[in-house]
Student: 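Can you read through this structure? Questions will come right after.
Keep in mind that the numbers below use all heavy atoms, side chains included, and drop hydrogens, waters and symmetry copies. For the single chain, residues carry numbers from 1 onward in sequence order.
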Amino acid sequence: MSKSGTITLEFEDNSRLSMLYGEHNSNLARIEQKTGASFTVRGNILAISGTGPACDTARQIIISLHDRLDRGADISIGDVDGAIRMADFFDRPAEEKISERKDIASAENIIRTRNAVISPRSRNQARYIKSLRENDMTFGLGPAGTGKTFLAVAMAVSFLLEGRVERIVLTRPAVEAGEKLGFLPGDMREKVDPYLRPLYDALEQMISLEQTERRLENGDIEVAPLAFMRGRTLSNAFVILDEAQNTSPMQMKMFLTRFGENCRMVVCGDPSQVDLPDGTPSGLHHAMKILADIDDISIIQFSADDVVRHPLVAKIVRAYDKAEKA
C-alpha cells in the first residue's frame with residue numbers, strides 16, 4: 001500500500017490562480033475526484049495530500065494547467081478533463097512515463113491559430129497532432145468526439161497562417177445519415193452546406209467568421225463535396241477528407257490520388273458509423289486493408305478513452321462498442 005504524503009507548490013503570480021483553481025475551486029474539486037488526492041490552498045501555496053501516486057498525478061495535472069495559462073490560453077472544464085486524461089496514472093513503468101511525458105509536453109504538440117491555442121487532451125491526440133505536423137498523409141480513425149476533424153482543421157489553419165500552404169481544401173461525401181433530405185433549394189454552396197456544416201463550425205473556432213467568409217470568397221479556403229475533387233491535382237494545399245467511412249473504394253482511391261506537390265492530406269472517419277446503402281463497401285475499410293504497410297502513411301486509432309466531448313459521449317460509445325461485440 002502506498003504511503004501518504006504531501007507535496008507543496010508555490011506560485012509566483014497570484015493573479016492567475018483563480019483561473020487555475022476554477023470558480024469556487026471547482027477545477028481542484030474535479031482533480032480531487034479523479035485522482036484521490038486532496039488540496040489545501042493557502043495564499044499562493046497549494047498543498048497536495050494523499051498517496052504518493054495520487055500526489056504525483058495531481059501535481060502533474062496542476063503543472064500542465066499552469067503551463068497552459070503561461071501560453072496565454074484559458075482553462076475550461078474540458079481542459080481540466082484533458083489534463084487529467086493526459087496525466088501519468090498509477091500502473092505505468094516510470095521510464096515509460098518520463099519518456100512519454102516529455103514527448104506529449106513538447107511545444108510541437110501545441111497548435112496556434114488567431115483565435116485559439118490548442119493542446120492535446122489525450123495521448124492519442126498528442127500522437128495525432130505530431131503526425132499532422134510531420135507526415136504528408138495521416139488517417140485519423142475512431143468514434144465521434146475524439147477531435148479528429150477539429151484538430152485537423154486547426155492544423156490546416158495554422159499551416160495557412162504560417163504560409164506553409166497556399167490554401168485549405170475541406171471535403172466530405174454528401175451521404176445522408178439515414179434520413180432523406182429530399183430536394184435542397186438554392187445555389188451549389190447552399191445545397192451542400194448541410195453536409196459541410198461541421199467543417200465550417202471548426203473553421204470559425206480557429207479564425208473569425210468574417211475571416212472565414214473572406215478566405216472562402218478569395219479561394220484560400222475551399223469547402224466542397226467529394227465529387228468535386230475528381231480530375232484535380234491538389235498542390236500547395238492542406239486537404240482534409242471528413243466522414244471518410246462514407247466513401248466507396250473508388251471514391252477513396254480517387255481522393256487519395258489527388259495528392260500533389262507540397263500537399264498535406266488528412267483522412268478522418270469513424271469505421272463504426274457507415275451510412276452507405278446496404279451492400280456498398282466502405283472505402284475507408286478498404287483503404288485500411290491495402291495501405292497499412294506503406295511507411296509514409298500514418299494511421300492514428302482513437303478510442304472511447306479519447307472522447308473529449310461531454311463524458312456521457314464516451315459512455316455512449318463504450319455501450320455501443322460492447323453491444324456490437326456481443
Side-chain angles (χ1 to χ4, degrees), residues 124-125 127-129 131-132 135-156 159 168-178 192-203 221-234 237-260 263-294 296-304 306-309 317 320-321 324:
N124 281 331
Q125 282 199 353
R127 296 185 184 103
Y128 186 54
I129 290 172
S131 177
L132 293 175
N135 294 297
D136 288 337
M137 186 175 292
T138 299
F139 281 74
L141 311 178
T146 51
K148 305 181 298 296
T149 304
F150 179 81
L151 292 174
V153 172
M155 187 65 77
F159 268 52
I168 298 171
V169 179
L170 307 173
T171 185
R172 64 189 296 186
V175 175
E176 298 158 352
V192 300
D193 267 1
Y195 298 105
L196 302 173
R197 187 69 250 171
L199 298 174
Y200 288 119
D201 291 342
L203 272 174
I221 299 173
E222 178 184 352
V223 185
L226 181 59
F228 283 40
M229 299 297 108
R230 190 172 298 279
R232 302 176 60 184
T233 299
L234 300 171
F238 199 114
V239 188
I240 300 170
L241 170 60
D242 194 26
E243 300 290 344
Q245 74 276 3
N246 289 330
T247 61
S248 68
M250 285 304 296
Q251 284 176 319
M252 179 63 79
K253 179 183 177 182
M254 178 275 290
F255 173 75
L256 295 177
T257 53
R258 302 307 93 203
F259 200 93
C263 181
R264 190 63 53 99
M265 191 170 276
V266 186
V267 178
C268 306
D270 179 357
S272 71
Q273 292 198 24
V274 177
D275 299 314
L276 295 167
D278 289 345
T280 304
S282 168
L284 184 60
H285 287 281
H286 183 254
M288 291 303 91
K289 290 177 183 176
I290 65 175
L291 303 178
D293 296 330
I294 298 180
D296 296 331
I297 296 177
S298 173
I299 300 174
I300 307 297
Q301 182 70 57
F302 294 92
S303 71
D306 300 299
V307 172
V308 295
R309 289 182 187 165
V317 170
Y320 271 94
D321 288 344
E324 286 167 9

Student: Considering all heavy atoms of both residues, which atom of P173 and which atom of E243 are nearest to each other, and what is their separation?
Tutor: CG-O, 3.4 Å
Student: Could you pull out the closest heavy-atom pair between F259 and M137, with the gap in Å?
Tutor: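 Minimum heavy-atom contact is CD1-CE, 3.8 Å.
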Student: Within the 4.5 Å heavy-atom criterion, are L203 and I221 side-chain neighbours or not?
Tutor: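 Counting from C-beta outward, L203 and I221 do come under 4.5 Å.
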Student: Do L256 and L291 have side chains that approach each other closer than 4.5 Å (heavy atoms only, starting at C-beta)?
Tutor: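 Yes, at least one pair of side-chain atoms sits under 4.5 Å.
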Student: Out of the candidates S272, S282, P271, only one should pair with Q245 under the side-chain contact (heavy atoms from CB on, under 4.5 Å) rule; please name it.
Tutor: S282
Student: Are any non-hydrogen side-chain atoms of I300 and L132 less than 4.5 angstrom apart?
Tutor: no
Student: CZ/R230 to CE/M254 distance, rounded to the nearest 0.5 angstrom?
Tutor: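 Rounded to the nearest 0.5 Å, the CZ-CE separation comes to 4.5 Å.
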Student: A side-chain contact here means heavy atoms from C-beta on lying under 4.5 Å apart; do V239 and R258 qualify?
Tutor: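 Not in contact.
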Student: Hey, are the side chains of L170 and D242 touching, using non-hydrogen atoms and a 4.5 Å cut-off?
Tutor: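 A side-chain contact is absent here, since even the closest heavy-atom pair is not under 4.5 Å.
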Student: Run the salt-bridge test on E222 and R232 with the 4.0 Å N-O cut-off and return the result as yes or no.
Tutor: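 So E222 pairs with R232 through a salt bridge.
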Student: Can you tell if the side chain of L241 reaches within under 4.5 Å of the side chain of V266, non-hydrogen atoms only?
Tutor: no
Student: If I compare all heavy atoms of G147 with all of Y128, which pair ends up nearest, and what's the gap?
Tutor: O-CE2, 4.2 Å
Student: So I299 and L141, do their side chains get closer than 4.5 Å, heavy atoms only?
Tutor: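 Touching, per the 4.5 Å side-chain cut-off.
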Student: Output the distance between atom OG1 (T257) and atom CE (M229), rounded to the nearest 0.5 Å.
Tutor: 12.5 Å
Student: Is a side-chain N or O of T171 found less than 3.5 angstrom from the main chain of A224, in a donor-acceptor match?
Tutor: yes
Student: Return yes if a side-chain donor-acceptor contact under 3.5 Å exists between S298 and T138, otherwise no.
Tutor: no
Student: With rounding to the nearest 0.5 Å, note down the distance linking CD in Q251 to CG in N246.
Tutor: 9.5 Å
Student: Flag the pair F255 / T247 as yes when at least one side-chain heavy-atom distance between them is below 4.5 Å, and no otherwise.
Tutor: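 No. Closest side-chain heavy atoms not under 4.5 Å.
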Student: Take atom NE2 in H285; do more than 12 heavy atoms of anything else shown fall under 6.0 Å from it?
Tutor: yes
Student: Between V307 and P143, what is the shortest heavy-atom contact and its length?
Tutor: CG2-CG, 4.5 Å
Student: On a heavy-atom basis, which atom in K148 and which in C268 lie closest, and how many Å separate them?
Tutor: O-SG, 3.8 Å
Student: At what distance, to the nearest 0.5 angstrom, does CD1 of I168 lie from CD1 of I240?
Tutor: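 Result: 7.0 Å between the selected atoms.
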Student: Can you give me the closest heavy-atom contact between I129 and M155, atom names plus distance?
Tutor: O-CE, 3.6 Å
Student: Say whether, by atom type as modelled, one donor and one acceptor occur between the side chain of Q273 and the main chain of D270 under 3.5 angstrom.
Tutor: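 Side chain of Q273 to backbone of D270: no pair is present.
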Student: Using 0.5 Å steps for rounding, measure from the CD atom of Q125 to the CZ atom of F150.
Tutor: 9.0 Å
